[in-house]
Amino acid sequence: MAIGAGGFMVGLSSDRAGSTFVARTDVHGAYIWRPELDQWVQLVTEPAMPPAYRTPASMFGGVAGIVVAPSDGQRLHMAVKGTVFRSEDQGKSWQVPDTGPFPVRFGAKKKFLRSDPVLAVSPDNPDIVYFGTAHDGVLQSTDGGRNWAKVDGLPATGGMGGGADADVRPALIWFAPAEGGTRATWILVQGVGMFVSEQEAGGFTPLRGQGAAAPRMLSSGAFTSDGRFFGTDPDGKTIWRYQQGEWTNLAADGVIDDGSYQTVAVSPHNDQLLAFEHNGSALRSIDGGASWSTLRKTVQVGEKDPPWLRIADQNFFATSQVMFDPIVRDRLWVTAGVGLFRADVPPDARSIDWVSRSRGIEELVANDVVQSPGRAPLFAAWDFGIHVKADLDVFSSGFGPKEQMIIAAQQLALTPADPNFVATNASDTSGCCPKAAVLAGYSEDAGRTWQRFGSLPHPPGTKKDDPWRMAWGMIAVSSGNSDNIIWAPSLNRAPFYTRDRGRNWTLIHFPGEKPPFTGSHVKKHLQRKVLVADPVKDGTFYLVHSGNPDNRQLMGLWRTQDGGSSWARLFQGEIAPKSENAAKLRAMPGRSGDLFFTSAVEGTHDSRLRRSTDGGVTWQIIPGVDQVSDITFGKAASGNTVPTIYLAGFVHGKYGIWRSVDNAQSWSRLAVFPIGRLDRVVVLGADPDIFGRLYIGWQGSGWTYGAPAACQARPVRPFDIAQCYKVDRP
């Protein structure tokens with residue numbers, strides 16, 4: 001589905017001929033530019049990955065490193081899920097190593113994904129490959145990634161912040177310019193220092209001049225053609241230069257100002273040197289680093305790209321890695337917090353004018369999707385808000401509740417009382433903007449415009465001056481009155497209800513509770529939705545309480561019939577095990593008290609789907625349905641009155657996206673991995689007006705959608721952006 005980009009791109013690579021461009025993400029997968037499609041295409045897919053990795057949610061998460069062999073654009077290496085995969089056909093298929101010390105640990109801190117290069121291939125010999133891990137040393141292959149071994153003679157990586165395991169960074173690797181037919185290899189062991197081999201493979205010793213005044217931590221580096229090396233040190237707030245056997249701290253020497261320098265690049269055509277801070281501020285040197293000048297910047301949306309990317313034109317332009325184009329002179333590429341951009345920067349330019357080139361990348365973290373009859377669907381995401389999609393194939397023109405960096409819409413809530421009314425608990429996750437920390441509120445025109453709630457309550461145990469005291473969590477609207485809303489915030493803070501659309505709020509009390517933290521939504525990032533309104537009865541809501549550490553006695557399903565004022569527990573204990581995290585409670589539209597529940601976690605424990613038809617008093621296990629990520633409901637099939645049920649999970653041992661048109665008596669599979677996605681399904685939604693149209697939200701790759709069509713079914717292939725699947729039964 002065309003929303004477009006939205007996540008942090010953290011690294012990119014190309015061969016010398018410019019035939020293959022790849023980029024990696026910090027949340028799911030990596031992408032390759034396909035000229036015949038005029039867009040980026042996901043590389044980590046079911047038809048491309050080895051059979052052992054073609055399992056549900058097997059590849060969700062960011063890619064630690066990806067590199068194209070400089071001398072062969074067909075050969076790629078990708079570090080993900082504890083190993084280094086290789087491809088010899090430009091990413092159409094990936095193979096695991098024959099031997100090596102895998103799996104290895106890449107490092108726990110997501111910010112270290114922005115360090116590059118952790119993977120490096122010799123410019124002269126595509127068989128020589130290095131990979132720098134965070135915890136397991138530096139690995140080397142001399143046969144193109146088929147076999148790997150640890151490089152001897154290098155010390156263990158040092159830690160940061162007292163050596164905490166989570167603060168260990170991966171080693172970085174570079175190949176120096178060739179001198180006299182030989183090419184040295186440089187390896188920075190983070191926290192220790194630089195080591196060098198005068199050959200491309202083996203025999204590492206400390207770099208000459210490696211004394212007290214030398215870098216211990218770097219995030220990127222680059223060589224000029226005459227062998228000078230420049231490395232960015234965001235922790236030391238400087239850029240380091242190495243020449244003639246000596247290191248120079250350019251900030252300490254007064255050559256540049258202190259700054260959080262993230263990345264550096266050298267033009268292959270004229271040695272123009274550019275360095276960037278994490279916020280996008282740029283410095284340029286055209287004299288080998290002796291002097292530097294600042295460059296202004298602008299950011300604009302490229303032709304055919306998502307229009308909403310205009311928000312990137314701000315003072316803070318989150319920057320990861322930059323790379324000069326190998327063919328187009330003075331063209332620079334950047335991986336940034338909202339996608340990929342390029343700019344043409346000749347040596348006499350005074351500004352960098354970034355233009356987006358992000359189409360095809362879908363990196364938003366999905367949170368929710370809802371649709372009222374006769375209205376366009378709304379999609380809620382981390383970081384970039386709520387998108388109203390009248391046309392699923394056209395990039396979003398904007399997002400709500402307000403276009404700011406960064407706003408996370410965790411949940412949306414509808415009501416049959418007014419199909420134009422939508423409530424949200426959208427809240428800023430960046431910590432940047434206290435005056436707009438919480439944009440929770442409502443829309444009266446189906447999501448086109450939004451207004452904030454008139455007030456924010458003060459949950460017990462919070463400070464009144466904390467702008468995030470009431471944020472994120474779960475929200476629901478009464479089926480009979482759009483003024484009656486219940487909001488259960490994150491961090492297990494107490495829930496509140498309102499009967500006047502958020503002008504005033506009243507604290508909810510559960511019998512037997514132990515204040516102050518009486519809620520049941522512990523972490524803001526969890527895909528937890530266990531608060532719902534009864535679809536028929538006005539003022540009736542259901543809440544599954546998982547019993548936080550201070551309130552184990554509250555575990556069970558609770559109901560209010562007076563809009564939130566009083567609550568009674570109808571079911572005591574856990575409905576299904578392990579339900580404290582990403583569980584889902586869903587109510588079938590048009591039917592009072594018809595509830596479905598899933599703990600929504602993988603594992604060997606009992607994760608079977610449950611159903612209650614008496615408002616949560618009793619629960620039955622639905623035969624053969626297991627490990628369900630989410631359940632949703634759509635338009636009934638022709639001749640039926642019961643809504644169509646959709647789920648992502650296992651039915652009789654087979655995984656897929658499933659549909660039931662007969663009230664969960666039988667199931668048909670609509671897809672196994674839609675368009676080859678190996679990401680984790682976190683939310684489902686369905687069209688109430690069009691039978692069979694289903695929306696699937698992913699943990700790190702936006703949304704896909706499907707609907708019945710007169711198409712020719714065939715297996716999905718690498719680089720496919722659509723798929724036709726023959727509906728089948730288990």
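Quick note: residue numbers are just sequence positions, from 1.
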Test your reading of the model: is there a side-chain donor-acceptor pair from [X] to the backbone of [Y], 3.5 Å cut-off?
X: Gln243; Y: Arg228; result: no
X: His28; Y: Met59; result: yes
X: Thr25; Y: Gly29; result: yes
X: Thr319; Y: Ala336; result: no
X: Ser285; Y: Ser291; result: yes
X: Arg677; Y: Trp703; result: no
X: Arg216; Y: Ala214; result: yes
X: Lys389; Y: Val394; result: yes
X: Ser122; Y: Pro126; result: no
X: Arg75; Y: Asp72; result: no

Ignoring hydrogens and geometry beyond distance, is a side-chain donor-acceptor pair present between [X] and [Y] at under 3.5 Å?
X: Gln140; Y: Tyr130; answer: yes
X: Ser701; Y: Asp679; answer: yes
X: Asn249; Y: Asp233; answer: no
X: Gln321; Y: Arg114; answer: no
X: Gln90; Y: Arg34; answer: yes
X: Thr298; Y: Asp353; answer: yes
X: Ser220; Y: Asp116; answer: no

Does [X] reach the side chain of [Y], with side-chain heavy atoms less than 4.5 Å apart?
X: Glu362; Y: Met1; result: no
X: Val196; Y: Ile187; result: no
X: Val266; Y: Asp271; result: yes
X: Phe229; Y: Trp174; result: yes
X: Arg86; Y: Trp94; result: no

Give the C-alpha distance, both sets of side-chain angles, the deciding distance and a yes or no for side-chain contact (heavy atoms from CB on, under 4.5 Å) between Ile32 and Thr20. CA-CA 7 Å; Ile32 185 169; Thr20 304; 3.9 Å; yes
Could you measure the distance from the [atom1] atom of [X] to the [atom2] atom of [Y]? Nearest 0.5 Å is fine.
X: Asp330; Y: His269; atom1: CG; atom2: NE2; result: 7.0 Å
X: Leu274; Y: Leu295; atom1: CG; atom2: CG; result: 6.5 Å
X: Ile3; Y: Ile361; atom1: CD1; atom2: CD1; result: 14.5 Å
X: Asn367; Y: His525; atom1: CG; atom2: NE2; result: 11.0 Å
X: Phe230; Y: Leu250; atom1: CZ; atom2: CG; result: 6.5 Å
X: Ser396; Y: Phe379; atom1: OG; atom2: CZ; result: 9.0 Å

Mind checking whether [X] and [Y] have parallel, tilted or perpendicular rings, split at 30° and 60°?
X: Phe317; Y: Trp354; value: parallel
X: Trp308; Y: Phe399; value: perpendicular
X: Trp247; Y: Trp240; value: perpendicular
X: His278; Y: Phe8; value: parallel

Heavy-atom pair of closest approach, residues [X] and [Y]:
X: Ser87; Y: Ser93; answer: OG-O, 2.8 Å
X: Gln210; Y: Met194; answer: NE2-N, 2.6 Å
X: Ala409; Y: Ile386; answer: CB-CG1, 3.4 Å
X: Lys297; Y: Gln314; answer: NZ-O, 2.6 Å
X: Val301; Y: Arg310; answer: CG2-N, 3.3 Å
X: Val118; Y: Gly65; answer: CG2-CA, 3.8 Å

Residues, nucleotides or ligands: over 12 heavy atoms within 6.0 Å of [X] [atom1]:
X: Asp391; atom1: CG; result: yes
X: Gln300; atom1: CD; result: yes
X: Leu154; atom1: CG; result: yes
X: Lys92; atom1: NZ; result: yes

Would Leu364 and Phe384 count as a side-chain contact (heavy atoms from CB on, under 4.5 Å) if you check the C-alpha gap in whole Å, the side-chain angles of each, and the deciding distance to 0.1 Å? CA-CA 8 Å; Leu364 285 176; Phe384 298 105; 3.7 Å; yes
Criterion side-chain contact (heavy atoms from CB on, under 4.5 Å) on Leu139 and Val104, from CA distance to verdict: CA-CA 10 Å; Leu139 308 184; Val104 294; 4.1 Å; yes
Geometric cation-pi criterion Arg357 and Trp40, 6.0 Å radius, 45° cone: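 Negative - Arg357 is either too far from the ring of Trp40 or too far off its axis.
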Could you check whether Lys81 makes a cation-pi contact with Phe60, meaning its NZ or CZ is under 6.0 Å from the centre of the six-membered ring and within 45° of the ring axis?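 Lys81 over Phe60 ring: yes.
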Is there a side-chain contact (heavy atoms from CB on, under 4.5 Å) between Phe223 and Trp186? Walk through the geometry before answering. CA-CA 11 Å; Phe223 283 96; Trp186 288 35; 3.5 Å; yes
Contacts of Ser219 that satisfy side chain to side chain donor-acceptor pair (under 3.5 Å) - sequence neighbours left out: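 By the side chain to side chain donor-acceptor pair (under 3.5 Å) rule, Ser219 matches Thr232.
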Between Asp235 and Arg169, does any side-chain N to carboxylate O distance fall below 4.0 Å?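 Arg169 and Asp235: salt-bridged.
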